[in-house]
Structures are given as structure tokens and as C-alpha cells.
Amino acid sequence: MKKHNFSAGPCILPNEVLLKASEAVMDLNGSGLSLVEISHRSKDFVAIMENARALALELLGLEGKGYQALFLQGGASMEFLMAAYNLLEKKAGYINTGTWSDKAIKEAKLFGEVVEVASSKDKNYNYIPKGYAVPKGLDYLHLTSNNTIFGTQFKEFPKTDALLVCDMSSDIFSRVLDFSQFDLIYAGAQKNMGPAGTTLAVVKKDILGKVSRKIPSMLDYQVHISKDSMFNTPPVFAVYTSMLTLEWLKNKGGIAAIEEVNDKKAQLLYSEIDLNPVFQGFAKKEDRSTMNATFNLADQDLKETFESMLQEGGINGLNGHRSVGGYRASMYNALSLESVGVLVDIMSEMERKA
Ligand SMILES: *Cc1c(COP(=O)(O)O)cnc(C)c1O
């Protein structure tokens, strides 16, 4: 039986994407060769890379606006340092909404002064800071649009005259935003786009080349741009599968269409969390993520019952991160409303039993 996969990452991908990707591993487009055994310089793969990059810009509404989409390696964790390597000359600002921002701050400190502009650490990151002033004179301001672990999500982004850099690993392509307000967006593929192994970086070209340090080729966005994201052998399977997911999303009607479904899923689950006395939400209501919902049992004595019901219902990946505890339901683009319905039914069954 196919499970209802609420895993936070690597996570669920559309069935048809998995099917096409596995076919290509055996035989790419009837070529008699596997996707993973052909040259990345072959016509077939160059077309795949071009298509993936073009689809990313198209879906984000960033075509013809001076941006380049790159499929890199090293995960979002590599982008923590690449962003600073390429953009931090003197001083950068970071908004700290938990684990991922914390890690990004640690890397940036290797390259210059880092100002923590705002933080929600005082409440174990259960909210998104608001009402702070962004200092002047920053090279860039960095934020994490969606905190995968704590289940918080920016609904509005700060205004700043500095460059805006955003780690969108866990909510890219999930909701309509004016993506042109960002100068650099990055996202590890394995949350909402594809398998682990590639990272999407969308960078505005004219922000580059301004720092005085020398940058190693592999970490230099300009090098990757000049080589059309093929400076070295790209992770061909991850790029191809990401391309298939982006095609799937485009055929569904793009980000606006998927956002409607994502909102429905989030509403269904959060209203159950709010109405059902057996459960308590973790993140502050106004900052709740539509991608990762964090909650816990009000009474830990019910843990065993709840978890055996989850198992029986075929629910996978609901355990919360160790820094929050409890449960986390990740509802990425490929998760169906029906799967959320199955979880909500189990939760209301718990209320009847309690
Ligand atoms: C998972 C995650 C990361 C880390 O991604 P890797 O690709 O494993 O390096 C960074 N930021 C956010 C918001 C994440 O959810």
C-alpha cells in the first residue's frame, strides 16, 4: 500500500514524476541509454538542464528580469556559505527564525560582520519576528522564508535597501510571491522540487562581482552562470527529476493553482488542531506555515494510541524534529488533500476515544 508521506525531507514527489524518472533511468527518451550513463554534454542532457532552468524562472515569474537559475550541488547548506562568499563585503543582516538561519549565520561570520537583525529565539522560534528596524548599510539581508523545523513562515517580507537573500528550501514553488523582491533565492531540491543532490539558486546577475575577495570557481555564482550551470558534471538524476516536477507543476496551472490546494490542506489540518482538544499547535497562528504544521498531544499518555493509529492509517514521517518534539505534518506540493484528510480523520477519532 502506498503510504501517506508527510516526511519533512527528503519528501514526497508526484507519482507520475517518480514513474517517468525511473523509466529514464532505464532508457532516456527511447535512446537505448540510461539518463545516468550518458554524457552531461550530450544534446539530450543539455536540453534537460536548459529546460529545468527555464521552467524555474518561468514558474517564479522571473523570465527576462535579469535573473539566472542554477542547479548546483552541496545542498542549501553550501548556499549558506556561497551567499556570503559572493555578497558579503563588510556587513550582512540575518533574521534568525531557528536552526537553518542559525547555520547560515555561522557560515557568514567567516566572511564579515553579521548583525542579527531580529530573532525569535526567546520563544523557541515559534513565531516570525516583526516590527524591527533593518539597519542601513548592510550588504544584504538574509532570511529563511519557511522554517521547516518550527513550522513558521514569513507572510510579508521586510523592506530594505540592501540586497534581499532568501533560503526558500521548504516553501519554494508553494505560494505566489513577488519573487523579484529577492536578489538571491536558494533551495535544496529535496523539500519541494526533487530528490536530494541538487540545489536551485536563482540569482540576479547584476549583484555579482562586487566583493573584493577571490572566490574559488565552484563557489562562484558568476562561474556557474558563465557555464550555463554546467561548470562540472551536474547531478543528472536530481536535475532531471526536478525538471519533471517543475513540468508537473506547470501542467497543474503553476504556483497559483498549487497554492490553492496548499491553502486547503493547511486549513483542513490547522482547523482540526484548533478545534480538537487532544492536540495543541506549536507555531503562533498568524505565522503558521502552510508547508510544515507543528503540533503535539495535550496529554502524552495518548502517545502510544495515536502513533499506532498513524501506523495503521499508513501515515509516514509525522515525527517532529527533536528540537521541538511532538509532531510535524509536512504538506509539500505533491501531498494530496486526501492524505491530509486521512490524518485529520485519525485526529478526530482520537478525540472520540479520549
Ligand atoms: C532542509 C533545509 C536546509 C538544509 O538543506 P540541505 O540541502 O540538507 O543542506 C536549509 N534550509 C532549510 C529551510 C531547510 O528546510
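Counting begins at 1 with the first residue of the sequence. Counting starts at 1 for both ligands and their atoms, in listed order.
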Please tabulate, one line per pair, the protein nitrogen or oxygen atoms found under 3.5 angstrom from a nitrogen or oxygen of ligand 1, with distances to 0.1 Å, or say none if there are no such pairs.
unit_1	atom_1	unit_2	atom_2	d
ligand 1	7 (O)	Ala76	N	3.0
ligand 1	7 (O)	Gln190	NE2	2.9
ligand 1	8 (O)	Gln190	NE2	3.3
ligand 1	9 (O)	Ala76	N	3.2
ligand 1	9 (O)	Ser77	N	2.8
ligand 1	9 (O)	Ser77	OG	2.6
ligand 1	11 (N)	Asp167	OD2	2.6
ligand 1	15 (O)	Thr148	OG1	2.4
ligand 1	15 (O)	Lys191	NZ	2.6

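Ring geometry for Phe157 versus Phe182: interplanar angle over 60°, hence perpendicular rather than tilted (30 to 60°).
If you check the side chains of Asp171 and Ser145, you find a donor sitting under 3.5 Å from an acceptor.
Centroid-to-centroid, the aromatic rings of Phe279 and Phe306 come within less than 6.0 Å. Ring centers of Tyr94 and His142: under 6.0 Å apart, within the cut-off.
A salt bridge is absent between Asp139 and Lys210; no separation between the charged side-chain nitrogens and carboxylate oxygens falls under 4.0 Å.
The nearest pair of heavy atoms linking Asp102 to Asn96 is OD1-ND2, 3.0 Å.
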